Every structure is written in C-alpha cells, then in structure tokens.
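Take a look at the structure below.
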Amino acid sequence: MANFYTDNDELRFHLRNPLMERICFLKERGYADKGKFDYSPQDYEDALDSYDKILEVVGQIAADVIDANAESVDIEEAHCENSRATYAKGTQENLDAMIKAGMNGVTMPRCYGGLNMPVTAYTMASELVSTADAGFDNVWSLQDCVETLYAFGNDEQRKKYIPRVCAGETMSMDLTEPDAGSDLQRVQLKATFDDANNCWRLNGVKRFITNGDADIHLVLARSEEGSTDGRGLSMFIYDKRDGGVDVRRIENKLGIHGSPTCELVYRNAKCELCGERRLGLIKYVMSLMNGARLGIGAQSIGLSQKAYEEALAYAKDRKQFGKAIIDMPPVYDLLATMKAKIDAGRSLLYQTARYVDIYKALDDIAMSRTLTPEERKEQKAYARLADAFTPLSKGMNSEYANQNTYDCIQVHGGSGFMMEYACQRLYRDARITSIYEGTTQLQVVAAIRYVTNGTYTNILRDLAAEDVIDEMKPLMARVSKMTDRLESVVNITKENQDPEYHDLMARHLYEIAAVTVMAGLLVKDASSAPELFSSSARVYVNLAEAEVAKHAVFVENFSVDQVADYRK
C-alpha cells in the first residue's frame with residue numbers, strides 16, 4: 001500500500017541533514033526527558049528514529065484517509081448552519097484519524113501532551129498532509145498557532161490551552177478585516193477591558209479567517225483607545241467555549257474547499273490578553289506569520305508533489321501517435337522541470353526550517369536560563385538566516401505550486417480541463433498559496449534588504465567554497481557565475497537613489513537571488529545524494545541561469561525615466 005512518507009526518499013534525505021544533530025540536542029535539552037516519558041528519545045539516533053516513525057504514521061493516514069477523501073470534500077465543502085461552521089464529512093474523518101493517532105500539538109513539550117517534534121519534522125508532516133489535501137492542511141496545521149501562545153502566553157495560559165490543542169482541539173489566527181488585509185495596521189476590531197468581570201471584551205468583524213470556527217483563536221485587536229497604527233494593537237486568546245462570536249458566512253472560494261474561510265462577528269466576546277499590550281502586530285503577529293509562511297511553503301511543495309505524481313502517471317498511461325506521451329520531448333521537458341522545481345523548493349524549504357529550529361530552540365531555552373555568549377551568538381545568527389530565507393521559501397514555492405499545477409493540466413491535455421481529474425482541484429487549490437499569509441509581492445518586500453545588503457551573496461559565496469563531488473563542480477561553478485551576476489545588478493540598482501525605481505527592480509532582484517540560492521542548495525544536496533538529485537540539479541541550474549539572465553537584462557536595460565511608462 002502507498003505511504004506518502006516512506007515512498008518519498010527525497011523527504012527522508014532532508015530529515016537526516018547533518019544540522020539535525022544540533023537541532024535534536026537543543027530541542028531535547030540534551031535529552032533531558034530521557035526516563036521521564038516512555039516515548040522520549042535517548043539520543044540523536046533515537047530521536048531521528050522517533051520522527052521517522054511519526055512521519056510514517058502521517059504518511060499512511062495521508063495516503064489511506066486524507067487522499068481518499070479529497071475529492072468528496074472538494075465537492076461537499078464546509079457548511080454554515082446556525083451561525084456555526086461545519087466541516088465536510090471527509091474533513092471530520094481526516095481530523096478524527098489524526099487525533100486518534102496523536103498527531104496534534106506535536107511540536108509542544110511532552111509535559112503538555114505534545115511530542116516535542118522540531119519544526120523541520122513538523123513541516124514535513126504538513127507537506128505530507130498537503131500532498132493528500134491542501135485544504136485539510138489548513139485545518140490541521142493551524143495547530144501551529146499554539147507555538148505563538150507557548151512563546152508569548154503566561155504559564156497559566158500554557159497549562160490551560162496547550163493540552164487541549166495536543167488532545168485535538170483546533171486553532172485559528174484572526175487577523176484580517178474587511179478594510180485590513182495586507183495592511184494590518186488598519187485593524188479596528190475593538191478590545192476593551194471589562195472591570196466588573198476582570199476580563200477583556202472583543203467587538204467587531206473579522207474576514208477571511210481560515211478555519212474560523214476553531215476551538216481556540218488568536219485575535220489581533222485594537223486595545224489602545226484613540227490609536228490608529230500598529231502600536232495600538234494587542235494579541236488576545238478567545239475560547240469558543242465562552243461564546244460571543246458567530247460565523248456570519250463561509251466564503252465561496254475557488255479552491256481549498258475543505259477549509260472553512262469565515263467572516264466572524266464578535267459581540268462582547270470574552271477573551272484574555274496574550275503577552276503584553278501594544279505588541280500584538282509589532283512582535284506577536286510577525287512571529288505568527290513567519291511560522292505560517294513556512295507552513296505555506298510546505299503546503300505548496302505538497303501540491304507540487306501531487307501535481308507531479310498525477311502528471312507522471314497520466315503521461316505513462318496516455319498514448320498518442322503510437323507511443324506513451326512520456327516519451328515525447330515536449331512532455332518529458334514539462335515533467336523534468338516540475339521535478340526540478342520540487343527538489344529545489346524542498347532544498348530551500350528544509351534549509352529554512354532547520355534555521356528556524358535552531359533559533360526557536362534557543363529562544364525556548366532562554367525562557368528557563370540565561371544563554372551563554374556562544375548560544376546568544378548562535379541564536380542571533382540563525383534568527384537572521386531564518387528571517388532571510390522564509391520569504392524566499394514562501395514566495396518561490398507558492399509560485400512554483402501555481403506553475404506545477406498549471407503544467408499538470410497541460411500534460412493531461414483536454415482531460416485536464418475535465419472536473420473528474422484531480423489536476424483541476426490541485427490547480428484551484430494552488431492559486432491561494434501566493435496570496436495568503438503575505439502575497440509574493442510582500443515576500444519581495446520582506447527579502448529585498450537581504451538582497452541589497454549582500455546577505456544572499458555571502459551565503460552563496462560560502463556555499464560555493466564547500467566541497468562537492470566532481471560531478472557537481474561544473475554546476476557549482478555556474479552557480480558562482482550567477483552569484484556574480486546577482487552582485488552586479490544589485491550594484492547597478494544601488495547606484496540610483498530613486499525609491500520608486502528600487503521598488504520596480506525589487507521583484508527582479510528577488511528572483512535572481514532566490515533561484516541562485518535554490519540552485520546552490522540543490523547542487524549541494526546532489527553532491528550528498530547524486531542518486532536522488534543529480535538530474536534535477538542539472539535541469540534546475542539550466543532553468544535558473546535562464547531566469548537570472550532574463551531578470552538581469554531587465555535591470556541592466558532599465559533607466560529611471562522608464563518608471564513613468566509603468567504608471568499609466
């Protein structure tokens with residue numbers, strides 16, 4: 001029988017990256033839980049074996065339950081009845097299967113009922129779920145909101161809410177409003193303190209809330225009377241058990257039908273302050289969004305993987321002109337490009353996840369003791385790397401998900417336009433990935449300073465200096481030439497001080513940096529496992545070189561006086 005994890009050697013390769021030894025040591029606090037819990041690992045190999053077994057369980061559920069329900073969920077969708085959201089039958093079956101297997105709150109400490117999994121392994125689980133049904137991943141993976149509650153809530157809140165999430169209760173993050181989408185500083189949902197009952201109350205409307213009728217909500221609201229910007233916003237915890245929030249409607253969406261996207265009405269809803277006042281957007285939402293963006297990267301890879309599998313299977317089976325279409329250059333070109341983008345996307349995604357793991361583990365340790373100077377330096381370095389890589393991972397993988405699902409339909413030809421084939425669902429599901437949790441354009445904004453200050457260039461120079469096998473040396477040399485081109489166009493851009501010109505060049509610089517970083521990471525992975533990645537590395541370096549040349553020529557030939565042409 002199929003298992004989405006054990007059938008995926010590439011994913012298993014990333015679990016055994018050398019950096020995982022440091023991650024496991026930090027996450028397990030030197031394996032301090034050894035002997036305290038039956039399922040706590042004894043050492044590094046035991047930890048990896050534990051994660052491997054957990055992912056195998058997720059892979060089996062993804063194949064046997066979630067994938068089997070995906071089409072019926074897409075058709076049935078979620079319902080709104082009596083001001084409540086109700087999951088499709090298949091979605092509830094998926095959730096029940098994951099809860100029964102203990103796959104909730106998996107990153108949380110064991111003392112709360114979690115499995116203490118690192119972010120890297122959890123991100124892999126999210127990819128597996130998304131390969132089966134990206135819409136269900138939006139229900140299941142929003143448990144990741146508990147990371148924000150764990151990091152910024154008080155001890156009483158952790159003890160109250162985290163065990164419930166580990167037991168299977170769902171979460172949502174209630175951020176956007178009718179007039180506050182990308183610009184969250186405009187949030188107007190009002191939070192006022194109720195002196196008589198010693199609690200906070202929420203009043204207003206939230207819109208486009210993923211899994212919006214969840215059990216536990218993290219809510220961004222305006223707590224400071226008279227404020228108009230992000231400094232007046234705080235984060236609150238709303239418990240559905242307390243009532244006061246109704247689902248006005250579920251949005252009628254293009255895709256991800258299993259995930260109810262709700263408009264919520266808060267009427268004097270009781271809530272608790274999470275963390276400190278005024279830091280809701282400035283600190284807590286940024287942390288929440290970075291985690292969510294990593295999750296969308298995983299969701300995007302899952303969609304791309306499924307699209308590739310569907311296209312590959314169809315190409316092997318479909319015959320035209322007396323032979324299978326997989327043997328035709330226009331088709332195997334599409335398939336090879338899809339596979340290369342998936343492998344490059346994974347190299348970037350899991351490098352990002354490993355960076356996140358190290359800095360977050362050190363953040364967690366800092367909650368109980370003072371970090372050593374060496375640990376503080378390590379924490380700062382990896383936090384910066386995570387901040388630089390997250391917008392690349394989210395932005396590029398979501399764009400690739402859109403391209404790969406498009407190409408999946410193309411391989412199917414006319415059949416791909418028919419509703420009975422899964423590729424149309426994948427295509428519809430993928431479209432949101434480059435929009436929610438920050439559009440690709442906002443990922444460019446988040447990444448551009450790391451382009452212009454040389455962060456990516458320095459990373460690429462260090463990567464090129466590492467040893468690779470002889471087969472990969474010519475490819476790494478080509479990556480080095482792409483790095484030179486990146487440095488050149490950055491310098492050209494910096495020579496001009498016009499802000500609007502810089503904004504117009506940003507997407508081009510971002511894409512040059514992103515594909516070059518992805519090419520370098522994939523070549524490095526191919527050096528470690530040529531049997532898995534050498535073909536994709538060669539294909540992707542060809543693709544990346546073409547993309548670098550395209551964007552570099554645009555920058556090199558663009559002058560400030562052309563800005564007016566784009567404002568018509």
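This one's a predicted model, so the numbers in the text were calculated from it and none came from an experiment. The chain is numbered in sequence order, starting from 1.
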Looking at [X] and [Y], does any basic side-chain N land under 4.0 Å from a carboxylate oxygen?
{"X": "Asp213", "Y": "Lys240", "value": "yes"}
{"X": "Glu169", "Y": "Arg241", "value": "yes"}
{"X": "Glu378", "Y": "Arg22", "value": "yes"}
{"X": "Lys160", "Y": "Glu272", "value": "yes"}
{"X": "Asp52", "Y": "Arg16", "value": "no"}
{"X": "Asp74", "Y": "Arg425", "value": "no"}
{"X": "Arg369", "Y": "Glu375", "value": "yes"}
{"X": "Asp343", "Y": "Lys339", "value": "yes"}
{"X": "Lys360", "Y": "Asp364", "value": "no"}
{"X": "Asp357", "Y": "Lys27", "value": "no"}
{"X": "Glu93", "Y": "Lys89", "value": "yes"}
{"X": "Arg249", "Y": "Glu263", "value": "yes"}
{"X": "Lys306", "Y": "Asp429", "value": "no"}

Quick one: are [X] and [Y] in side-chain contact, heavy atoms under 4.5 Å?
{"X": "Lys206", "Y": "Tyr266", "answer": "yes"}
{"X": "Thr131", "Y": "Tyr308", "answer": "no"}
{"X": "Gln143", "Y": "Thr107", "answer": "no"}
{"X": "Gln424", "Y": "Met418", "answer": "no"}
{"X": "Val58", "Y": "Val129", "answer": "yes"}
{"X": "Ile237", "Y": "His217", "answer": "no"}
{"X": "Thr433", "Y": "Lys394", "answer": "no"}
{"X": "Met289", "Y": "Leu175", "answer": "yes"}

Any donor-acceptor pair under 3.5 Å linking the side-chain atoms of [Y] with those of [X]?
{"X": "Glu127", "Y": "Gln305", "answer": "no"}
{"X": "Ser368", "Y": "Arg29", "answer": "yes"}
{"X": "Glu310", "Y": "Tyr314", "answer": "no"}

Near [X] [atom1], under 6.0 Å, is it more than 12 heavy atoms from other residues, nucleotides or ligands?
{"X": "Phe25", "atom1": "CZ", "answer": "no"}
{"X": "Arg110", "atom1": "CZ", "answer": "yes"}
{"X": "Gln42", "atom1": "CD", "answer": "yes"}
{"X": "Phe37", "atom1": "CZ", "answer": "yes"}

Pair listing, ring pair (Phe, Tyr, Trp, His ring centres under 6.0 Å) test, anchored in residues 104-133, at least two apart: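 Pairs touching residues 104-133 that pass the test: Tyr122-Trp140.
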Provide the full list of ring pair (Phe, Tyr, Trp, His ring centres under 6.0 Å) pairs with a residue in residues 51-105, sequence neighbours left out, each pair given once.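 Qualifying pairs, neighbours excluded: none.
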Residue among Leu521, Val356, Leu294 satisfying side-chain contact (heavy atoms from CB on, under 4.5 Å) with Phe389: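 That would be Leu521.
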Stepwise side chain to side chain contact (heavy atoms under 4.5 Å, CB included) test for Leu385 and Tyr359: CA-CA 9 Å; Leu385 285 167; Tyr359 96 79; over 6 Å; no
Any chance the rings of Phe533 and Phe13 have centres within less than 6.0 Å?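 Ring-ring flag for Phe533/Phe13: true, centres closer than 6.0 Å.
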Please test Asn211 against Ser172 for side chain to side chain donor-acceptor pair (under 3.5 Å), starting from the C-alpha separation and ending with a verdict. CA-CA 6 Å; Asn211 200 33; Ser172 71; over 6 Å; no
